[in-house]
Amino acid sequence: MMVVAGLAICASACATTTDASSPFVMGSVASAPTGLIDLCHTGGLDCPDADEPTGDLVEPATGGGVKSNEPREPLVEPAPEPERTAEQPEPERVAFERFDEIEQVNRAINQRLIWRSDLDQYGVEEFWTFPLQAGLRYGDCEDFALEKRRELLERGFPPSALALATAYSEETGLHAVLVVRTNQGDYVLDNTTPWVLPWSQSPYRWLTIQQGESLTAWRLIEA
């Protein structure tokens, strides 16, 4: 876990972590990450709609802890719009007064877990899981995000206010984080920094995000 690198990245932004943010602008339908779908199928998450088709987006593995020697550009293409019987409801937003609680969870999970790639830990490029629940101290970026989501759900945060998201930078490669939707905009819980930042202050090219409560309904990010 590159906390030192994360601190350097956000050095100019750390003083403004409580700035008002804005919501992500979501675009075309995208497929959920394959590792997340696998976790749904193995029973690690409750995903009632995991078998519904979500499109043909091809997304490589996430890493998000160290700079790759050969950074891979993400392959992101809009997926065809699936047939839907009803519009997805607007996600809930939590009160900004809970920001201190959000920061506490981000820092606590970052301190409890040590970054380690799925390849080193499990021998595969992509394996989404809950390492703390399994008694492990190591996890990839998506594992940090999943554990933060679990902790906030246990604290009563509404599921649709907690969105998994993917992004890209040369430092992290393809990366996964947790986004909390508040009434002052969307904020990023990242394993590379203890600071919870507005998404626009995070050093990423944003790719896809969970649309609402469903873990398998995802959208491309336009802004």
Side-chain angles (χ1 to χ4, degrees), residues 1-27 30 33 36 62-66 74 76 91-111 113 115 128 139-153 155 157-212 215 218-223:
M1 179 177 58
M2 301 294 286
V3 174
V4 174
L7 289 171
I9 288 171
C10 76
S12 64
C14 290
T16 60
T17 54
T18 55
D19 284 356
S21 185
S22 60
F24 278 109
V25 177
M26 293 184 287
L36 177 60
T62 51
V66 295
V76 177
E92 293 185 61
R93 295 191 168 274
V94 298
F96 191 72
E97 286 72 20
R98 302 191 74 174
F99 189 84
D100 286 347
E101 192 175 358
I102 295 167
E103 278 202 319
Q104 290 169 10
V105 169
N106 187 59
R107 294 185 185 212
I109 299 299
N110 285 359
Q111 291 170 357
L113 278 176
W115 185 90
W128 291 46
D140 206 345
C141 60
E142 69 274 2
D143 305 328
F144 283 77
L146 288 169
E147 289 286 5
K148 292 170 188 178
R149 179 180 182 274
R150 179 185 60 80
E151 176 67 24
L152 290 171
L153 287 174
R155 291 169 178 248
F157 281 66
S160 65
L162 307 175
L164 299 166
T166 66
Y168 179 82
S169 74
E170 290 187 359
E171 287 73 22
T172 62
L174 195 59
H175 190 41
V177 298
L178 181 68
V179 171
V180 177
R181 294 164 166 142
T182 79
N183 57 7
Q184 290 197 29
D186 296 347
Y187 291 84
V188 179
L189 284 68
D190 193 340
N191 70 291
T192 67
T193 173
W195 307 101
V196 176
L197 298 175
W199 65 269
S200 59
Q201 292 182 15
S202 296
Y204 301 120
R205 175 156 60 91
W206 293 100
L207 302 176
T208 63
I209 190 169
Q210 186 184 335
Q211 181 176 353
L215 286 162
W218 285 58
R219 293 271 176 173
L220 296 180
I221 295 173
E222 293 187 347

What distance separates [X] [atom1] from [Y] [atom2], expressed to the nearest 0.5 Å?
{"X": "Leu189", "Y": "Asn106", "atom1": "CG", "atom2": "CG", "answer": "4.0 Å"}
{"X": "Leu36", "Y": "Leu146", "atom1": "CG", "atom2": "CG", "answer": "7.0 Å"}
{"X": "Leu152", "Y": "Gln104", "atom1": "CG", "atom2": "CD", "answer": "10.5 Å"}
{"X": "Ile102", "Y": "Glu97", "atom1": "CD1", "atom2": "CD", "answer": "10.5 Å"}
{"X": "Gln184", "Y": "Phe99", "atom1": "CD", "atom2": "CZ", "answer": "9.5 Å"}
{"X": "Trp206", "Y": "Trp199", "atom1": "CH2", "atom2": "CH2", "answer": "9.0 Å"}

In terms of side-chain geometry, is the basic nitrogen of Glu147 or Arg150 positioned less than 4.0 Å from the acidic oxygen of its partner? yes
State, yes or no, whether a side-chain contact exists between [X] and [Y] at a heavy-atom distance under 4.5 Å.
{"X": "Leu220", "Y": "Leu207", "answer": "no"}
{"X": "Leu215", "Y": "Arg149", "answer": "yes"}
{"X": "Phe24", "Y": "Arg219", "answer": "no"}

Show the nearest heavy-atom pair for residues [X] and [Y], with the distance to one decimal.
{"X": "Gly212", "Y": "Pro91", "result": "CA-CB, 4.5 Å"}
{"X": "Pro198", "Y": "Asp19", "result": "CG-O, 3.8 Å"}
{"X": "Gly27", "Y": "Glu222", "result": "CA-OE2, 3.4 Å"}
{"X": "Arg155", "Y": "Arg98", "result": "O-NH2, 3.1 Å"}
{"X": "Ala161", "Y": "Val94", "result": "CB-CG1, 3.8 Å"}
{"X": "Asn191", "Y": "Cys141", "result": "OD1-CB, 3.5 Å"}

Name of the residue among Asn110, Asp140, Thr192 meeting side chain to side chain donor-acceptor pair (under 3.5 Å) with Trp115: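 The residue from Asn110, Asp140, Thr192 that satisfies side chain to side chain donor-acceptor pair (under 3.5 Å) with Trp115 turns out to be Asp140.
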Residue among Phe144, Tyr204, Tyr168 satisfying ring pair (Phe, Tyr, Trp, His ring centres under 6.0 Å) with His175: Tyr204
Out of Ile209, Thr166, Val25, Val179, which one pairs with Ile221 under the side chain to side chain contact (heavy atoms under 4.5 Å, CB included) rule?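 Considering Ile209, Thr166, Val25, Val179, a side chain to side chain contact (heavy atoms under 4.5 Å, CB included) with Ile221 is found only for Ile209.
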Mind telling me whether Phe96 and Tyr187 have parallel, tilted or perpendicular rings, with 30° and 60° as the class edges? tilted
Per the salt bridge (charged side-chain N to carboxylate O under 4.0 Å, His left out) rule, what does the pair list look like for residues 174-188, sequence neighbours excluded? Arg93-Asp186
